[in-house]
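As the structure is a computational prediction, the values presented were derived from the model and not from experiment. Letters go in sequence order (proteins before strands), and every chain restarts at 1.
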Amino acid sequence: METTRSITRLGQGAGWRPQIDGALARADGLGFIEVIAEDVGAEGLPDGVAAALRRGLQVVPHGVSLSLGGAQRPDPARLAHLASVAERVGAPLVSEHIAFVRADGRESGHLLPVPRTHEALEILCENVAIAQEALPVPLALEHVATLVEWPGAEMDEANFVRALIERTGALLLLDLSNLFANAHNHGYDAYESLARFPLDRIAYVHVGGGTFRDGVYHDTHAHPVVDGVLHLVEGLFALTDAPGVLLERDDDFPPEDEMNAELAAIADAVRRGSAHRVAAA
Amino acid sequence: MSPPPDRSAYAARQAQLLDALLRGDGYPEGFVAAKADAAGRSLRRKRGRLVAHAWPALALALGEFFDERFDTFAREVDAPASGDPHEDGLAFARRIMRDGVQLSDDARVELLLTRAALRRRGVFLRVARLRRPYPRVLVVVRLPLAGALHRSFSLRRRAR
């Protein structure tokens with residue numbers, strides 16, 4: 001089991017996408033990139049990812065299709081692929097989601113939430129254990145943003161994630177945008193919830209953009225990061241020193257200087273939060 | 001000691017929710033309809049974005065009507081098993097043409113080239129008369145071993 005001290009330091013990161021490969025290669029101070037495992041072939045690596053490795057960046061494979069929250073046990077072929085990518089990039093860890101993406105042979109095309117019940121937690125723990133067995137490196141789990149919730153929840157999200165992480169020994173991929181989205185859309189206090197996540201198990205943090213439409217917050221990864229999420233970054237680092245923070249962008253890619261400004265804003269929020277934490281100690 | 005979890009009942013509940021979200025209707029008991037509507041629209045919109053990226057001329061041709069038309073289509077027709085947005089876009093294009101939508105020349109070219117490229121076997125041959133960027137006849141052919149090819153034949157009168 002990973003102790004806090006042995007969780008790999010990653011630094012500032014960005015989600016690697018071919019459309020921003022050049023901009024990422026020129027960006028200052030990146031310590032790691034995250035690559036969607038399903039976008040990597042059976043062999044080899046995209047040129048930009050290989051180049052990042054040569055520049056000394058760490059690479060974290062991020063899976064989107066395991067459906068760990070689904071009723072089926074994870075597919076050995078998908079697990080083997082994720083493991084293979086991890087080996088090719090010398091990854092310190094891999095990440096996946098607390099979600100399901102298929103049911104009854106139909107793909108959702110999107111990460112869907114699991115019911116927050118003890119029964120669902122059992123199934124999820126079994127699936128995570130199967131995945132951990134097949135992977136050569138630690139597994140970090142990301143909680144997802146959702147516009148709809150299952151009825152009959154027996155726990156809130158912080159407690160559910162804490163229970164899952166404690167029982168499986170997995171690491172946490174803390175997504176502050178998802179936390180912001182769910183708190184806004186389902187009416188609870190993001191900071192109160194944040195404090196009850198298993199913060200000592202954070203592998204890294206996701207920060208992504210979104211937008212408000214008709215009073216609903218949409219976690220699009222196609223817009224700038226909203227101030228509320230940057231405040232959560234500061235709030236997190238006032239509580240704990242997380243090993244890495246990664247900017248996610250999937251669509252409507254901004255010009256290079258805008259991307260760099262966002263990276264700088266995140267770094268500033270990290271610094272401000274850390275200053276509070278150190279001053280309070 | 002609590003009984004082992006019932007994966008098949010869990011599977012049924014997930015299938016029921018997914019089906020309702022994809023259709024935009026029939027949400028299981030206890031789900032807030034407004035939130036389920038938003039979640040379903042978000043799913044279909046994400047699928048539509050992939051198709052728009054794969055078929056830019058089609059998306060441009062439909063303009064502001066793309067989202068609504070795609071949403072209607074997506075509620076009735078699942079994404080292809082391959083997940084390929086080109087195949088998905090082809091099915092969408094066929095549906096809207098069946099509904100009487102006239103496609104722009106650019107969108108028609110995209111359609112023909114994609115149909116030829118997606119054919120895995122046999123011969124495919126189509127001829128289209130186009131106005132842009134100049135009056136021409138476009139011949140699109142897919143042959144075994146050769147793959148998909150296309151050639152335009154100008155209909156402009158040659159200047160003497």
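The candidate from B:Ala79, B:Ala15, B:Pro28, B:Ala81 with the greatest count of non-hydrogen atom pairs under 4.5 Å with chain A is B:Ala15. Between chain B and the options A:Thr220, A:Thr146, A:Asn127, the largest number of non-hydrogen pairs under 4.5 Å is found for A:Asn127. Note on A:Gly152, A:Ala103, A:Pro151: by heavy-atom pairs under 4.5 Å with chain B, the leading option is A:Pro151.
Within 6.0 Å of the CG atom in A:Asp47, the count of heavy atoms belonging to other residues, nucleotides or ligands does not exceed 12. Annotation: A:His184, atom NE2; neighbour count of heavy atoms from other residues, nucleotides and ligands within 6.0 Å is above 12. Enclosure of atom CZ in B:Arg131 is not indicated, since only 12 or fewer non-hydrogen atoms of other residues, nucleotides or ligands lie within 6.0 angstrom. Atom CZ of A:Arg88 sits in a crowded spot, with more than 12 heavy atoms from other residues, nucleotides or ligands closer than 6.0 Å.
At a threshold of 4.5 Å between non-hydrogen side-chain atoms, the residues A:Arg106 and B:Asp19 count as touching. In this structure the side chain of B:Leu17 reaches within 4.5 angstrom of the side chain of A:Trp150, judged on heavy atoms.
Identified by a heavy-atom distance below 4.5 Å to chain B, the contributing residues of residues 107-126 of chain A are A:Glu107, A:Ser108, A:Gly109, A:His110, A:Leu112, A:Val114, A:Pro115, A:Glu119, A:Ala120, A:Glu122, A:Ile123, A:Glu126, in residue-number order. Using a 4.5 Å cut-off between non-hydrogen atoms, the part of residues 36-70 of chain B that approaches chain A consists of B:Ala36, B:Ala38, B:Ala39, B:Ser42, B:Leu43, B:Arg45, B:Lys46, B:Arg49, B:His53.
Heavy atoms of B:Gln16 lying under 4.5 Å from chain A are absent altogether. In this structure, chain B has no heavy atom under 4.5 Å from any part of A:Asp250. For A:His218, no part lies under 4.5 angstrom from a heavy atom of chain B. At a 4.5 Å heavy-atom cutoff, the contact between A:Asn185 and chain B is made by backbone atoms alone.
To the nearest 0.5 angstrom, B:Arg7 atom CZ is 4.0 Å from A:Arg73 atom CZ.
For the pair A:Phe100 and B:Gln14, the tightest heavy-atom approach, listed with the atom from each and the gap, is CD2-NE2, 3.4 Å.
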